[in-house]
Asks: 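Let me give you the structure first, and then I'll get to my questions.
Here is the naming used below: chain letters follow the sequence lines, and residue numbers restart at 1 for every chain. We use all heavy atoms of the structure for the numbers below, so side chains are in, but hydrogens, waters and symmetry mates are not.
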Number of protein chains: 2
Amino acid sequence: MTTPRNARTAAPAVGAAEPSAKPVERGIPEATVARLPVYLRALTGLSDTGVDTCSSEELAAAAGVNSAKLRKDLSYLGSYGTRGVGYDVEYLRYQIAREIGVTQDWPVVIVGIGNLGHALANYSGFSSRGFRIVALLDADPRRQGEDVGGLGIRPFEEIERLVEEHHVAIGVIATPAVAAQHVCDRLVAAGVTSILNFAPAVLTVPHGVDVRKVDLSIELQILAYHEQRKALADPGSDAVPDALPSGLAPLAADGVVSR
Amino acid sequence: MTTPRNARTAAPAVGAAEPSAKPVERGIPEATVARLPVYLRALTGLSDTGVDTCSSEELAAAAGVNSAKLRKDLSYLGSYGTRGVGYDVEYLRYQIAREIGVTQDWPVVIVGIGNLGHALANYSGFSSRGFRIVALLDADPRRQGEDVGGLGIRPFEEIERLVEEHHVAIGVIATPAVAAQHVCDRLVAAGVTSILNFAPAVLTVPHGVDVRKVDLSIELQILAYHEQRKALADPGSDAVPDALPSGLAPLAADGVVSR
DNA sequence: CGCGGTTTGTTCTCCCGTTCACAAACTCCT
DNA sequence: AGGAGTTTGTGAACGGGAGAACAAACCGCG
Ligand SMILES: NC(=O)c1ccc[n+]([C@@H]2O[C@H](COP(=O)([O-])OP(=O)(O)OC[C@H]3O[C@@H](n4cnc5c(N)ncnc54)[C@H](O)[C@@H]3O)[C@@H](O)[C@H]2O)c1
Ligand SMILES: NC(=O)c1ccc[n+]([C@@H]2O[C@H](COP(=O)([O-])OP(=O)(O)OC[C@H]3O[C@@H](n4cnc5c(N)ncnc54)[C@H](O)[C@@H]3O)[C@@H](O)[C@H]2O)c1
């Protein structure tokens, strides 16, 4: 099965002509890709509680999304459900895991074993979700050699050797912002093509390298924006210093994104 | 969800009719809100390096976005630039900070002071970005009393008292997933209306409460998906076990989202 | 005072994502 | 076997965001 590109099913109205289970391997929308891990987790939860079949409605509830959206998302992977019945939990779980690429473990390196790096290195949740931390790197000689979660912290200079040795494609940056670009460059030069960046810095990478950033300050600031909105729209709250005593009509704050 | 919506300000195209400095307080798109903190950080960086004026092109480069997008985003706040000149760094910085609501500090509580909670509590970056951690809470009596970043860990039961005492509107959940919903309920009951959730769990909250989640496994899995894509499209890489020796024509992997 | 150069703010178009709604497909019961 | 009930998969409508393009506005200079 070598993914024959875009056959683009072309004739969807042929009815039951082709029941072949061939999943269309091309072109899953980015928004869907971002939700597949959520479905995977929800399915794992259902599986753990002994559920072996679920409807799109149940799974959608467990994942916190709309059921129509869920069905459309799953339809990009193929037709893995049974009408009138629902989805087989184990089967669908495997199909999503395969689509994401976490049926085997991906080796990962973490660079910058400070506060955050320690937490990441100690975190046990990665191994059960398709990732295996194979190396911890830090530039500070005082940290090198220390054991964190069963791995020794290695000198940053060994990065090329370690990446090659373990066939690492994914790197995590948990250094201060000033070092992030340099670390990124070294990672890319060593062969890493996917980077998860925790430093508050904009990374420049060559074509073909993916970067995702996790920025806690930004998340908090987004919350703060909405919080301020709520405080302005609803003077009954005590979140702002000057709260008007007489409550206005509590009209539904329509523009707000809260659920 | 009833949400009548759509009062639809109706006349956004007032043009130059109203030069009054009153910024339009309504309806900033969510995508823009998510980028304002990035601009704020870029402006702070420029300010720190002594730049006092910048064009949309420069700021966009510093923030890692398209300049047209930047200008459109800023236009939602008002007209704070000068044509032919650009933006005054300090002035724009203040305007964005005011719009986000981080001209004063927001008090924040963190629940669950384990690996991750320790890292968050020790992090110094929050205070300079509009947030002040006022309480650390944990249910484990062995952790209570421990000092982390200058704050003592308090028993979880004190949550209502602490939230009220410090007028906390924003809470961070860093507990295991099984405890997340319970902690969330208690936070909401205590008066918190914005939650940043690190636990891999779907939180259910009443209308009017905002939740944002940070899920590192999901981020890694999204990277893994693209990584697998790259490995399939380009057999020259060593990222997959079975790499074909003879390189096929490296046709441009058009669908790939890498930059 | 006008003119060229520069940069913003906005408009327009296109594309992606969300949601509704429904026919097709399956199970179960009679 | 057939019909009733259930649930999937998807076509289609809709809304929002991204990016290109451009007129308006501003500065400096002659
Ligand atoms: N700790 C948090 O909760 C938190 C929250 C938000 C963002 N962040 C960001 O995450 C990053 C790490 O945060 P932290 O609190 O762990 O910082 P930290 O200072 O505790 O740790 C940084 C580590 O990186 C190492 N380092 C520095 N330069 C390096 C280089 N060139 N190569 C390799 N290693 C290098 C240092 O030796 C140190 O061990 C920072 O960019 C921070 O802004 C952290
Ligand atoms: N550590 C990481 O790098 C990392 C990465 C990804 C996700 N996470 C998630 O973040 C969360 C925290 O991770 P961690 O590694 O810090 O876990 P941890 O076990 O080290 O810490 C959890 C803390 O929460 C406390 N706690 C448990 N139940 C509580 C309750 N009901 N009320 C208050 N406190 C309670 C525990 O006493 C403990 O101190 C987990 O959900 C984890 O899945 C962590």
Side-chain angles (χ1 to χ4, degrees), chain A residues 8-19 21 23-24 27-36 39 53-61 63-89 91-92 95 254-255 257 259, chain B residues 1 3 5-6 8-9 11-19 23-24 27-36 39 53-61 63-89 91-92 95 254-255 257 259:
Chain A
R8 182 58 57 162
T9 36
V14 287
E18 269 283 291
V24 199
I28 296 183
E30 194 56 27
T32 297
V33 171
R35 282 188 295 266
L36 288 180
Y39 304 153
T53 295
C54 72
S55 69
S56 65
E57 208 74 47
E58 294 171 279
L59 182 52
V65 299
N66 186 305
S67 70
K69 196 191 291 190
L70 170 80
R71 288 199 300 276
K72 173 147 286 199
D73 283 342
L74 294 184
S75 75
Y76 290 115
L77 313 189
S79 288
Y80 295 132
T82 306
R83 301 182 184 207
V85 178
Y87 300 92
D88 181 282
V89 171
Y91 182 56
L92 182 58
Q95 294 299 336
D254 47 26
V257 205
R259 300 181 300 154
Chain B
M1 48 184 91
T3 60
R5 283 190 85 82
N6 256 2
R8 188 57 53 176
T9 37
V14 285
E18 269 284 290
V24 199
I28 295 185
E30 194 55 28
T32 296
V33 171
R35 281 188 295 268
L36 289 180
Y39 304 152
T53 294
C54 71
S55 68
S56 66
E57 208 75 47
E58 294 170 280
L59 182 53
V65 300
N66 187 304
S67 70
K69 197 191 295 190
L70 170 78
R71 288 199 299 277
K72 178 176 284 203
D73 284 342
L74 294 184
S75 75
Y76 290 113
L77 313 190
S79 289
Y80 295 131
T82 307
R83 302 183 184 207
V85 178
Y87 301 93
D88 181 282
V89 171
Y91 181 57
L92 183 57
Q95 293 300 337
D254 45 26
V257 205
R259 298 181 302 156

Asks: Are any of the side-chain heavy atoms of A:Leu36 and A:Leu77 separated by less than 4.5 Å?
Replies: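 They are in side-chain contact.
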
Asks: May I have the distance from B:Leu74 (atom CG) to C:dG9 (atom P), rounded to whole angstrom?
Replies: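 Going from CG in B:Leu74 over to P in C:dG9 covers 7 Å.
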
Asks: Work out which heavy atom in A:Asp73 is nearest to a heavy atom in A:Arg35; give both atom names and the distance.
Replies: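 So the two residues come closest at OD2-NE, 2.7 Å.
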
Asks: Test of understanding: with salt bridge (charged side-chain N to carboxylate O under 4.0 Å, His left out), list the residues that count as partners of B:Arg71, not counting sequence neighbours.
Replies: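 For B:Arg71, no residue satisfies salt bridge (charged side-chain N to carboxylate O under 4.0 Å, His left out) once neighbours in sequence are set aside.
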
Asks: Specify the separation, in whole Å, of atom CG of A:Leu77 and atom P of D:dG9.
Replies: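 So the two atoms are 10 Å apart, to the nearest Å.
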
Asks: To the nearest angstrom, how far is A:Tyr76 atom OH from D:dG11 atom C1'?
Replies: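 After rounding, the reported distance stands at 12 Å.
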
Asks: Within this structure, what is the NZ-to-C1' distance between A:Lys69 and C:dC16, rounded to whole angstrom?
Replies: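 Going from A:Lys69 (NZ) to C:dC16 (C1'), I get 13 Å.
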
Asks: A:Ser75 has a side chain; which of C:dG17, C:dG9, D:dG9 sits nearest to it?
Replies: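 Nucleotide nearest to A:Ser75's side chain: D:dG9.
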
Asks: How long is the line joining CG of A:Asp88 and P of D:dT8, in whole Å?
Replies: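 After rounding, the reported distance stands at 13 Å.
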
Asks: Show the distances under 3.5 angstrom between N or O atoms of the protein and N or O atoms of nucleotides 6-8 of chain C.
Replies:
residue	atom	partner	partner atom	Å
C:dT7	O4'	B:Gly84	N	3.1
C:dT7	O2	B:Gly84	N	3.4
C:dT8	OP1	B:Ser56	N	2.4
C:dT8	OP2	B:Ser56	OG	2.6
C:dT8	O2	B:Arg83	NH1	3.4

Asks: Can you sort out the partners of B:Ala60 under side chain to side chain contact (heavy atoms under 4.5 Å, CB included), two or more places apart, ordered by chain and number?
Replies: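 Partners of B:Ala60 under the side chain to side chain contact (heavy atoms under 4.5 Å, CB included) test: B:Val65, B:Ser67, B:Leu70.
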
Asks: Taking only residues two or more places apart in sequence, or in another chain, which ones meet A:Tyr87 in a side-chain hydrogen bond (donor to acceptor under 3.5 Å, both in side chains)?
Replies: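 By the side-chain hydrogen bond (donor to acceptor under 3.5 Å, both in side chains) rule, A:Tyr87 matches no residue at all.
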
Asks: In whole angstrom, give the distance that lies between atom CG of B:Leu59 and atom C1' of C:dG9.
Replies: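 B:Leu59 atom CG is separated from C:dG9 atom C1' by 15 Å.
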
Asks: If every non-hydrogen atom of A:Leu59 is compared with every non-hydrogen atom of A:Tyr39, which pair is closest and at what distance?
Replies: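 Nearest heavy atoms, A:Leu59 then A:Tyr39: CD1-O, 4.3 Å.
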
Asks: Rounded to the nearest angstrom, tell me the gap between atom CG in A:Leu70 and atom C1' in D:dT7.
Replies: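 Computing the A:Leu70:CG to D:dT7:C1' distance gives 12 Å.
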
Asks: Output yes when at least one side-chain N/O atom of B:Asn66 is less than 4.0 Å from OP1 or OP2 of D:dG17, else no.
Replies: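 For D:dG17, neither OP1 nor OP2 has a side-chain N or O of B:Asn66 closer than 4.0 Å.
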
Asks: Distance check: side-chain N/O of A:Lys72 vs OP1/OP2 of D:dT10, anything under 4.0 Å?
Replies: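 Checking D:dT10 against A:Lys72, no side-chain N or O comes under 4.0 Å of OP1 or OP2.
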
